[in-house]
Amino acid sequence: MKNAVILFFCMVLFTSLVQAQPGTIHSYQKISDTQGNFTGILDDDDEFGVTAVIGDLNGDGITDIAVGSRYDDDGGTNRGAVYIMFMNSDGTVNHYQKISSVQGNFNDSLIDGTYFGWSVTGIGDLNGDGHPDIAVSTYTVPMVWILFLNADGTVQSYQKIGEGLGGFPSGILSSGGQFGISVRSLGDFNNDGMHEIAVGASQDDDGGPSRGAFYILCLNNTGFAESYHKISQTYGNFTASLSDDCRFGRTIAPIGDLNGDGVTDLAVSSIYDNDGGIQRGAIYILFMTQDYTVKSWQKISNTQGNFTGVLDDNDQFGIGLSGISDINGDGIQDIAAGANADDDGGQNRGAVWILFMNTNGTVKAYQKISSTTGNFNAVLDDGDGFGGFVNLLGDYNNDGYPEIIVGSPHDDDGGLDHGAIYILSLNYLVNGISGIEYENSISVSHGSAGNNFILKMPAETKDIKIYNATGQLVHELKTSMKTTLDITISISGIYYINVISDRFSITKKLVVTGK
C-alpha cells in the first residue's frame with residue numbers, strides 16, 4: 001500500500017446542541033424509482049432496498065453505497081442484482097452502476113431464483129488496489145461472492161465462498177440452513193491482519209429445527225476463507241436457550257467494544273423469537289473473545305434486557321440491525337434495530353428502534369421511528385416493510401447530523417414492490433451541552449509524515465475512537481489526559497474520529513486518499 005495522504009478534514013459531526021429528542025429525524029432523503037435522482041429501471045417485485053455502505057469508491061470525498069435488488073430479472077427470473085450508487089452530498093444519486101447476470105462485468109453464471117443481492121456489505125479495500133470491495137450473498141444458493149470493484153463500480157474479479165469453494169470445506173453446511181441469508185463485514189475483528197465477515201444461516205438445525213446459526217469467515221486478500229468459526233446453540237460457547245424456528249443469525253452487526261474489554265462485540269437477531277408473543281423478535285448482544293467464541297451474552301426482547309418498547313405479534317424486531325453513532329452523548333455506541341412488520345399507522349408499514357445502550361448490553365432508553373412517531377413525516381404505506389435493512393452511513397454530507405440508511409423493499413414508488421431506501425439524518429445529544437463549546441479546542445492537522453495527523457483536544461478527553469466508513473471501530477486510544485496525539489492511518493478511506501469525555505462526544509470526519 002502506498003503512503004496515504006490526508007486530503008481534507010471536514011466539519012464537526014456533533015456541533016451545536018439540538019433540543020429535539022435524540023434519535024428522532026432531523027431530515028431525510030428518499031431514493032426510489034421516482035425520487036432521489038435514481039434513474040435505474042426497477043420492475044414490479046424487484047424489492048430494491050438491501051442497503052450497504054461501501055466507502056468512497058470514485059474518490060470524490062463522498063461515501064458511496066450499494067443497494068441489492070434481490071428479485072431483479074436481468075438474464076432470467078429472480079436472478080437478482082446490486083446497484084453501486086455514487087452519491088451527491090445532498091443524499092441524491094449522482095450516477096450508478098448495476099451489477100447483475102448481464103451487467104457490470106460480472107460474468108458468473110447466475111441461475112433463475114438465485115436472489116443475488118439478498119444481502120450486501122462493504123468490506124473495505126480487501127485486495128489493496130485502492131478501491132473498496134463488497135461481499136454479496138443469497139439464501140437459496142449457499143454462497144457468498146467477494147466482488148473486487150473498479151473505481152467505476154464494475155467488477156474487476158470475484159471469489160466465491162461456499163461448499164468446497166473459496167477455502168470453505170465441504171460437508172459443513174446443513175441442508176436448507178440458509179447460509180447467506182445475511183452477510184456483514186466485521187473489519188479486522190481481532191487485529192490479526194485478516195478481514196472477517198459474518199454470514200448468517202438462520203435455518204440451521206443445531207440444537208433443534210431452524211434455531212439458526214452464523215459463521216465468522218476469516219478472509220485473506222484474495223477473498224479466500226482461511227478459517228471459519230460457527231456460533232449456534234451447540235458451537236462457539238453460546239449458552240442461550242434458543243427455541244425451535246426462532247431463526248437466530250438472521251442479521252449480524254458489529255457494535256464496537258461495548259463492554260470495554262478490547263474486543264468488538266456483536267448484535268445478532270432472532271426474528272421469530274416468541275418472547276411476549278408470536279414472532280415478536282429479539283436481539284442477542286454477544287460479548288466476544290478474540291478467538292471468535294462468546295464470552296457472555298444479553299438478550300433484548302419484549303420481556304428481557306430492560307427494553308420497554310411495545311412490540312406486537314409478528315413485528316420481527318431486529319430484522320434490520322446496525323451499530324450506530326453515540327446518539328445520546330454518553331460515550332456508548334448505540335444500536336438501530338428494524339421491525340419491518342410493525343403496524344404503526346397501518347399494516348406492516350415498519351419501524352426502526354434507536355436503542356440507547358448500557359455497557360452490559362441492556363437498554364438504557366429508546367426512540368422509535370415509524371409512520372406515527374420520531375418526527376418522520378415521510379409517507380409510508382401498508383406493506384412497505386420500512387426497517388427491513390439498516391446501516392450506519394455516518395455524516396456523509398457534513399451537515400452536522402449522523403445518518404443511517406433504512407431499506408423499505410416493498411415500497412410501491414413506480415410499481416408494486418419496486419422498493420426504496422431512506423437516508424435519515426438523526427438528532428443527537430451531547431450530555432445536554434453544546435458541542436460548539438468545545439469545537440475550537442479540538443483540531444486536526446497534517447503531521448510531518450505523509451500518512452499521519454496531529455489531533456489536539458481538551459485535557460479532559462478520556463477516549464478516542466476511530467471508525468471506518470461502514471461504522472466499524474478500527475482503533476481506540478485512551479488518552480491519559482494527553483492533549484496532543486500523533487496518529488497514523490495507513491489505509492485510504494473515510495474515517496470518523498470520535499473524541500469523548502464525561503461531558504461531550506464530538507466527532508470529526510477524516511478523508512484519507514492514496515497518492
TODO: Mind listing the closest non-hydrogen atom pair of Gln178 and Ser202 along with its distance?
DONE: OE1-OG, 3.3 Å
Task: CZ-CZ distance between Phe48 and Phe38, expressed to the nearest 0.5 angstrom - done: 4.5 Å
Open item on the list: Strictly below 4.0 Å, N to O, side chains only: are Lys98 and Asp74 in salt-bridge contact?
Closed with: yes
- [ ] Sort out for me which residue in Leu392, Ile324, Ile285 forms a side chain to side chain contact (heavy atoms under 4.5 Å, CB included) with Ile335.
- [x] Ile285
Task: Flag if over 12 foreign heavy atoms under 6.0 Å of CD1, Ile172 - done: yes
Open item on the list: Within the 4.5 Å heavy-atom criterion, are Glu196 and Asn190 side-chain neighbours or not?
Closed with: yes
TODO: Carefully, step by step, assess Leu149 and Ile99 under the rule side chain to side chain contact (heavy atoms under 4.5 Å, CB included).
DONE: CA-CA 10 Å; Leu149 299 179; Ile99 300 172; 4.0 Å; yes
Task: Identified side chain to side chain contact (heavy atoms under 4.5 Å, CB included) partner of Met87 from the options Leu57, Ile31, Leu393, Asn94 - done: Ile31
Open item on the list: Does this structure show an ion pair linking Asp112 with Arg79, if we count only N-O contacts that are shorter than 4.0 Å?
Closed with: yes
TODO: Heavy atoms only: give me the nearest Ser32-Ala420 pair and the separation to one decimal.
DONE: CB-CB, 3.7 Å
TODO: Indicate yes or no: at least one non-hydrogen side-chain atom of Asn107 is less than 4.5 angstrom from one of Tyr158.
DONE: yes
- [ ] State whether a side-chain donor-acceptor pair under 3.5 Å links Gln156 with Asp129.
- [x] yes
Open item on the list: Taking salt bridge (Lys or Arg N to Asp or Glu O under 4.0 Å) as the definition, give me every residue that meets it alongside Asp192, ordered by chain and number, with sequence neighbours left out.
Closed with: none
TODO: Check side chain to side chain contact (heavy atoms under 4.5 Å, CB included) between Thr359 and all other residues, then give those that pass, not counting sequence neighbours.
DONE: Ile332
Task: Working for side chain to side chain contact (heavy atoms under 4.5 Å, CB included), residues Leu186 and Thr264 - done: CA-CA 8 Å; Leu186 304 182; Thr264 298; over 6 Å; no
Task: Side-chain donor or acceptor of Asn340 paired with backbone N/O of Phe386 under 3.5 Å - done: no
TODO: Quick one: pull up NZ in Lys299 and OH in Tyr284 and give me the separation to the nearest 0.5 Å.
DONE: 3.5 Å
Open item on the list: To the closest 0.5 Å, what do you measure between CG (Asn391) and OG1 (Thr51)?
Closed with: 4.0 Å
Task: Any Ile421 side-chain heavy atom under 4.5 Å of Ile65 side chain - done: yes
- [ ] Give a yes or no on whether the backbone of Pro409 and the side-chain of Arg70 come within a donor-acceptor separation of less than 3.5 Å.
- [x] no
Task: Full working for side chain to side chain contact (heavy atoms under 4.5 Å, CB included) between Tyr215 and Leu173 - done: CA-CA 10 Å; Tyr215 294 82; Leu173 301 177; 3.6 Å; yes
Task: Exam field: side chain Thr140 to backbone Thr114, donor-acceptor pair closer than 3.5 Å - done: yes
TODO: Scan Asp261, Asn259, Asp265 and name whichever one has a side-chain hydrogen bond (donor to acceptor under 3.5 Å, both in side chains) with Lys295.
DONE: Asp261
Task: Phe86/Tyr96 aromatic ring centres below 6.0 Å - done: no
Task: Minimum-distance pair of heavy atoms, taken over all atoms of Pro132 and Gly55 - done: CG-C, 4.5 Å
Task: Side-chain heavy-atom pair Ile255, Leu266 within 4.5 angstrom cut-off - done: no
Open item on the list: Going by side-chain hydrogen bond (donor to acceptor under 3.5 Å, both in side chains), Asp204 matches just one of Arg247, Arg211, Lys230. Which one?
Closed with: Lys230
Open item on the list: If you define the side chain from C-beta out and look only at heavy atoms, does anything of Glu403 sit under 4.5 Å from Asp395?
Closed with: yes
TODO: Dump the intermediate steps for side chain to side chain contact (heavy atoms under 4.5 Å, CB included) on Gln316 and Tyr272, then the final yes or no.
DONE: CA-CA 6 Å; Gln316 299 181 31; Tyr272 286 174; 3.8 Å; yes
Task: Side chain Ser269, main chain Thr251, donor-acceptor under 3.5 Å - done: yes
Open item on the list: I'd like to know if the side chain of Asp73 and the backbone of Asn78 have a donor-acceptor N/O pair within less than 3.5 Å.
Closed with: yes
TODO: Over all heavy atoms of both residues, which pair between Phe148 and Asp133 is shortest? Give the atoms and the distance, please.
DONE: CA-OD1, 3.3 Å
Open item on the list: Has Asn220 got a side-chain atom pairing as donor or acceptor with Thr222's backbone, closer than 3.5 angstrom?
Closed with: yes
Open item on the list: I'd like to know if the side chain of Asp72 and the backbone of Asp46 have a donor-acceptor N/O pair within less than 3.5 Å.
Closed with: no
- [ ] Using a cut-off of 6.0 Å, state whether more than 12 heavy atoms not belonging to Tyr228 lie near its atom OH.
- [x] no
Open item on the list: Restricting to ring pair (Phe, Tyr, Trp, His ring centres under 6.0 Å), what partner residues turn up for Tyr292, sequence neighbours left out?
Closed with: Phe189, His229
Open item on the list: Whether the side chain of Tyr428 engages the backbone of Tyr401 through a donor-acceptor N/O pair (distance < 3.5 Å, no angle test) should be reported.
Closed with: no
Task: Beyond-backbone contact of Tyr115 with Val50, side-chain heavy atoms, under 4.5 angstrom - done: no
- [ ] Kindly give the heavy-atom pair with the smallest separation between Gln29 and Gly91, and that separation in Å.
- [x] CG-O, 3.3 Å
Open item on the list: Please report the interatomic distance CG(Asn105) to CD(Gln97), rounded to the nearest 0.5 Å.
Closed with: 9.0 Å
- [ ] Verify whether one side chain among Thr293 and Asn237 offers a donor that lies under 3.5 Å from an acceptor in the other.
- [x] no
- [ ] Decide whether Asp206 and Ser232 meet the rule of one side-chain donor and one side-chain acceptor closer than 3.5 Å.
- [x] yes
Open item on the list: As an exercise, state the distance from OG of Ser322 to CD1 of Ile354, rounded to the nearest 0.5 Å.
Closed with: 9.0 Å
Task: Validation row: Ile231, Val268 side chains within 4.5 angstrom (heavy atoms) - done: no
- [ ] List the atom of Ile327, the atom of Asp334, and the distance in Å for their closest heavy-atom pair.
- [x] N-OD2, 2.8 Å
- [ ] Quick one: pull up OG in Ser174 and CZ in Phe179 and give me the separation to the nearest 0.5 Å.
- [x] 11.0 Å
Task: Side chain to side chain, Met143 and Leu165, heavy atoms closer than 4.5 Å - done: yes
Open item on the list: Tell me if a side-chain donor or acceptor on Asp326 pairs with a main-chain N or O of Gly331 at a distance below 3.5 Å.
Closed with: yes
Open item on the list: Test your reading of the model: is there a side-chain donor-acceptor pair from Ser270 to the backbone of Cys246, 3.5 Å cut-off?
Closed with: yes
